[in-house]
Amino acid sequence: MSDSEDDVVLSKRVKTNGSVKKESSDDDVPLGQLSQGSRPHESSASEYDSDENITKTAAKKIKKKPNKRKAEGKTSEPASKKVKKQPSQSAKTKTKPKKEKKVKEETPIKAETPGKDDEEDDGVGYKWWENQLDDDSVKWETLEHNGVIFPPEYEPLPSHVKLLYDGKPVDLPPFAEEVAGFFGAMLETDHAKNPTFQRNFFHDFQKVIEECGGCGVEIKDFEKCDFTQMFNYFEGKRLEKKLISAAEKKKIKAEKDAFEEPYKTCLLNGRKEQVGNFRIEPPGLFRGRGAHPKTGKLKRRVQPEDVILNLGKDAKVPPPPEGHEWGEVRHDNTVSWLAMWRENISNSVKYVRFAANSSLKGMSDYKKFEKARELKNHIEKIRKDYRTMLKSNLMLERQIATATYLIDVFALRAGGEKSDDEADTVGCCSLRFEHVTLTPPQTVAFDFLGKDSIRFYQEVEVDPQVFKNLKLFKRLPKGPGDDLFDRIDPSVLNKHFQTYMTGLTAKVFRTYNASKTMQDQLDLIPNEGTPAEKVVKYNAANRTVAILCNHQRSVSKGHETSMQKISDRLKEMLWQKIRLKKMMLMLDKKLEKKKPKFFEELDDLTKEDEAHIHKQIIIREREKYEKKFKRENDKRAENKEDQLPESQLKEWLGKVDQLEKDYKNELKTGKPLLPDNITIEKLEQQIEKLEGRIASTTLQMKDKEDNSQVALSTSKINYIDPRLSVVFCKKWNVPLEKVFTKTLREKFKWAIESVDENWRF
DNA sequence: GGGGCCACTTAGAACTGCAAAT
DNA sequence: ATTTGCAGTTCTAAGTGGCCCC
C-alpha cells in the first residue's frame with residue numbers, strides 16, 4: 001500500500017496528475033516549496049507551484065554544477081578580485097557586546113599577583129572543570145601575549161642556481177625567484193605533476209614577474225621552464241642540514257627554542273596558557289586537496305600590516321617588526337583568537353589560537369562531549385520519530401527523516417553547500433543523484449568524495465523505507481548533477497534537531513555515535529592478558545570508530561615492501577617449523593602415525609619456496625659476515641690495531657659455503673641435517689616457540705594491513721570521549737601512556753583528572 | 001530565509017626525531 | 001654507528017554552524 005501513498009507528494013509534482021491520493025498541501029505548507037496554492041502561514045515560498053519548483057531546483061543544480069566544471073578552465077578572476085570587506089570594527093564592537101550582558105561575575109580567577117612567578121603556575125593548580133562553565137560568550141577577562149613569529153625574509157639563491165627557460169638561465173628578481181623556488185622545491189611531488197597545480201602556479205608566477213617589472217626574457221611557456229637546478233640546490237641544502245653534527249644541531253635547536261619561547265605562551269586571566277600556532281604561515285604554493293580549482297596558486301607573504309592582534313585592553317601591545325605596523329589591535333573578549341589575518345587564496349581568515357591543552361579549548365571540548373552524552377537521552381525518540389517520518393506525506397519531512405537516518409546510521413557529515421572555486425566534495429545534504437546507486441530490494445551504494453576529498457564508498461543494506469525514499473528522491477526529472485535532498489540543507493536539519501534538544505546539530509550525532517561505539521566495543525574487552533594485548537584490543541575498538549567515521553590515510557609508500565618483508569619472515573618461520581618436524585620424524589618415524597595432524601603441514605611449502613628461502617638465508621649470512629669483517633676492521637683501524645687477515649673472512653664465508661651445500665642436499669633428499677644432541681623434546685620445545693612467534697607475527701601483519709588505510713588518530717583526538725579511554729585504562733590496569741601520547745594526555749587532562757572507574761559515556 | 005561573514009572544530013599530509021633494526 | 005620505519009607532532013586545509021543583515 002504504502003508505495004503509492006509514500007510517493008504522493010512527489011508523484012503529484014512530477015506527474016501533475018492522478019495518482020495523488022491525499023491532499024497534503026496543508027501540512028506541507030511550512031517549508032512550502034511544493035504544494036500548489038493554498039499556503040496559509042508561509043508567504044514567501046508559496047508562489048511556487050510544485051512542478052515549477054521541481055524544475056527550478058533541477059535547473060539550479062544544473063546551472064551550478066556545470067559551472068563548476070567550466071570554471072576550472074577559465075578561472076579565478078572573481079577570486080582575485082574579491083573585494084576585501086573591511087568589517088568596520090566599530091560595527092563589530094557594537095554587535096558583540098550585546099550578548100555580553102550575561103557576564104558572570106564569578107570568574108574563577110584569583111588574580112593574585114599572577115604576573116609574578118607564574119613560571120610554574122601554568123594552570124597546574126587550576127581545574128576549570130570543577131567550576132561552572134555555563135556562559136561562554138565572554139572568553140576572557142585579561143589576555144596578554146607577545147604577538148606572532150613571522151617567517152624569515154627571503155634569501156636569494158646563489159648566483160649559479162637559476163631557473164632555465166628554453167635551456168638558458170634567467171635572472172629573476174628576488175620575489176619571482178622565490179616563487180619559482182616554491183615550485184622547484186616541490187618538483188618531485190605529486191602536486192607539481194598536477195596540471196591544475198602547474199597552471200595555477202604558472203599563472204601566478206607570470207603575474208609576479210610582471211609585478212617585478214619583468215626579467216629580460218618573456219616567460220610564456222611553462223613547458224620551457226626547467227626548475228631542476230633549484231630542486232637540486234634545495235636537495236643539497238637538505239642533505240647538508242642532515243650532516244650537521246649532533247652537537248651543532250642541538251645548539252641550533254636551543255637557539256630557536258629560546259627565540260620562540262615568548263611566543264609559545266600567553267597570559268589568560270593571569271594564568272599561563274600555551275598558544276597553538278604562533279607562527280604566521282609562510283608564503284608558498286597553495287596545496288589544495290583533491291581536485292581543488294585553486295591548487296598551486298601563490299599564497300602570498302603575510303605582512304604585519306595584514307595582521308590583527310587581539311588582546312586585553314590593558315595588555316602591552318607587542319612591538320611590530322622593525323619598520324612595520326600592525327594592521328589593527330583589537331580587544332574583543334568574546335572570541336578566543338590572539339591574532340588573525342586574511343589569506344589571499346580564498347580570502348578566508350586564519351587565526352592564531354590557543355593550543356589544544358589550553359583551558360579554553362579544554363572547556364569547549366568538555367562541552368562538546370557533554371552535549372553528545374546528552375543526546376543519549378533523546379536518541380530513542382529521535383530514532384522512533386524519524387522512522388515514522390520516513391513515511392510522511394510531506395516531501396520535506398521525508399527528506400529530513402532520510403537525511404537524519406543517514407547521518408545517524410552512516411555517520412555522514414551535514415554537507416553544506418560549496419562554491420565553485422572549491423573541490424567538489426559533498427556530505428549528506430549535498431549528496432547528488434550520481435552519488436547513490438540503488439539495487440533492489442534495499443541495497444545502496446554510496447560513492448562520493450567527502451571532506452578533504454576522501455572517498456566514501458559503501459555498499460549497504462538500508463531500511464526498506466529509506467530505500468524507497470532515495471528512489472523517490474532520484475526520480476525524474478532528476479539526473480546526474482541534481483541534489484538528492486532538494487528541500488533541505490544543514491540549517492533546516494539543525495533547526496529540526498533543536499526541537500529535540502538545544503544545541504543538537506548534525507555533528508553531534510557523529511560525536512555521539514563515535515563515542516557510543518567506542519564504549520560498546522570497550523565493553524566487549526575481557527580483563528585478561530597482558531597490558532600490551534589489551535592495548536591491541538583497545539586499538540581494534542578505536543579502529544571500529546575510525547571506520548565508522550571514514551577516517552582514512554594514504555598508504556605509506558613503504559607499506560607494500562614492508563608487508564612483503566613480514567610475509568617473507570613468516571614463510572621462513574613456517575619453513576623452520578616444517579624442518580623441525582622433519583627432524584622429529586627422522587628421530588622417530590612412528591610419530592607420523594601417532595599424530596598425523598601434527599605432521600600434516602609437511603608439504604605446505606613447494607620446492608621453489610624452499611629453494612628461495614635457502615637462497616635468502618645464504619645471502620643474508622654472507623652479508624652478515626662481510627659486514628662483521630668490515631666493522632671489526634674499522635674498529636681496529638681506529639684503535640690502530642692490526643687488521644684481521646683476509647683469511648678470517650674466508651673462513652667465515654667457508655662456513656656459509658658449507659651451509660649452502662647442506663641446504664642443496666637437504667632440498668634433494670628432503671632431510672635436514674640433524675644437529676648434535678638433539679632430542680624429540682628439544683624439537684618440540686623449539687616448535688612451540690616458533691608457533692608462538694608465527695602467531696604473533698601473523699597478528700601483527702594483519703593489524704598492520706588493517707591499519708594501513710585507516711587513521712585512528714582523528715577519532716581519538718576529536719570523537720571518542722577521552723574519559724572512555726581513561727576509565728578503560730584504570731579498570732583494566734593499562735598504563736594510560738599506552739593509549740594517549742604526552743600531548744593527548746595534556747589535552748585531555750580534564751578527563752584524566754575528573755573521572756572514576758564507574759563513569760559511563 | 002538566504003547569503004555572507006566569522007569563529008570555531010575536524011582532517012590528512014608533511015615533517016621530525018627517536019627507537020628498533022642492521 | 002648508521003639506517004630505517006614509524007609514532008608523534010606540526011601544519012594548514014576543509015569542514016560545521018551561529019549570527020547578522022537584507
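Note on naming: letters A, B, ... go to the chains in the order of the sequence lines (proteins, then strands), and numbering restarts at 1 for each one. As a basis for the values below, the full set of heavy atoms in this structure was taken, side chains included, without hydrogen atoms, waters or symmetry mates.
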Base, sugar-phosphate, or nothing for [X], non-hydrogen atoms under 4.0 angstrom?
{"X": "A:Ser554", "value": "sugar-phosphate"}
{"X": "A:Lys565", "value": "sugar-phosphate"}
{"X": "A:Arg289", "value": "base"}
{"X": "A:Arg287", "value": "sugar-phosphate"}
{"X": "A:Ser556", "value": "nothing"}
{"X": "A:Lys253", "value": "sugar-phosphate"}
{"X": "A:Gly276", "value": "nothing"}
{"X": "A:Lys139", "value": "sugar-phosphate"}
{"X": "A:Gly288", "value": "sugar-phosphate"}
{"X": "A:Leu744", "value": "nothing"}

Using OP1 and OP2 only, check whether a side-chain N or O of [X] sits under 4.0 Å from [N].
{"X": "A:Thr714", "N": "B:dT10", "value": "no"}
{"X": "A:Ser336", "N": "B:dA7", "value": "no"}
{"X": "A:Lys368", "N": "B:dT10", "value": "yes"}
{"X": "A:His292", "N": "C:dA13", "value": "no"}
{"X": "A:Arg510", "N": "B:dA11", "value": "yes"}

Ring-plane angle category for [X] and [Y], please: parallel below 30°, perpendicular beyond 60°, tilted otherwise.
{"X": "A:Phe259", "Y": "A:Tyr263", "value": "tilted"}
{"X": "A:Tyr366", "Y": "A:Trp750", "value": "perpendicular"}
{"X": "A:Phe456", "Y": "A:Phe446", "value": "perpendicular"}

**Message:** Quick check: on DNA chain C, is the nucleotide nearest A:Ile280 upstream (toward 5') of the one nearest A:Gly416, or the reverse? Name the residue that is more 5'.
**Reply:** A:Ile280

**Fill in**
Comparing A:Ser713 with A:Val508, nearest DNA chain C nucleotide closer to 5' gives the residue A:Ser713

Which listed nucleotide ([options]) is nearest to the side chain of [X]?
{"X": "A:Ala506", "options": "C:dG17, B:dT10, B:dC6", "answer": "C:dG17"}
{"X": "A:His191", "options": "B:dC8, B:dA11, B:dA14", "answer": "B:dA14"}
{"X": "A:Tyr351", "options": "C:dT12, B:dC6, B:dA11", "answer": "B:dC6"}
{"X": "A:Tyr719", "options": "B:dT10, B:dC8, C:dG17", "answer": "B:dT10"}
{"X": "A:Ala414", "options": "C:dA13, C:dG15, C:dT16", "answer": "C:dT16"}
{"X": "A:Lys299", "options": "B:dA11, C:dA13, B:dT10", "answer": "C:dA13"}
{"X": "A:Gln498", "options": "C:dA14, C:dG17, C:dG18", "answer": "C:dG18"}
{"X": "A:Ser562", "options": "B:dC6, B:dA11, C:dC6", "answer": "C:dC6"}
{"X": "A:Asn277", "options": "B:dA13, C:dA14, C:dT12", "answer": "C:dT12"}
{"X": "A:Thr741", "options": "B:dT9, B:dA7, C:dG8", "answer": "C:dG8"}

**Message:** Hydrogens and angles aside, do A:Ser348 and A:Glu343 bring a side-chain donor and acceptor to less than 3.5 Å of each other?
**Reply:** yes

[atom1] of [X] versus [atom2] of [N]: gap in Å, rounded?
{"X": "A:Phe448", "N": "C:dG15", "atom1": "CZ", "atom2": "P", "value": "12 Å"}
{"X": "A:Gln709", "N": "B:dA11", "atom1": "CD", "atom2": "C1'", "value": "17 Å"}
{"X": "A:Arg279", "N": "C:dT12", "atom1": "CZ", "atom2": "P", "value": "9 Å"}
{"X": "A:Lys350", "N": "B:dC6", "atom1": "NZ", "atom2": "P", "value": "15 Å"}
{"X": "A:Arg569", "N": "B:dA21", "atom1": "CZ", "atom2": "C1'", "value": "10 Å"}

**Asked** Taking the six-membered ring for Trp, is the centroid-to-centroid distance between A:His145 and A:Phe278 below 6.0 Å?
**Response** no

**Item:** Side-chain ion pair, A:Lys702 and A:Asp706, N-O less than 4.0 Å
**Value:** yes

**Salt bridge A:Arg569-A:Glu572, side-chain N to carboxylate O under 4.0 Å** = no

**Message:** When you measure only distances, ignoring hydrogens and angles, does the side chain of A:Lys507 come within 3.5 Å of the base of B:dT10 through a donor and an acceptor?
**Reply:** no

**Request:** Take A:Thr511 and A:Asp489, find for each the nucleotide of DNA chain B with the closest heavy atom, and name the residue whose nucleotide sits nearer the 5' end.
**Result:** A:Asp489

**Message:** Using the side-chain hydrogen bond (donor to acceptor under 3.5 Å, both in side chains) criterion, which residues pair with A:Asn539? Sequence neighbours excluded.
**Reply:** none

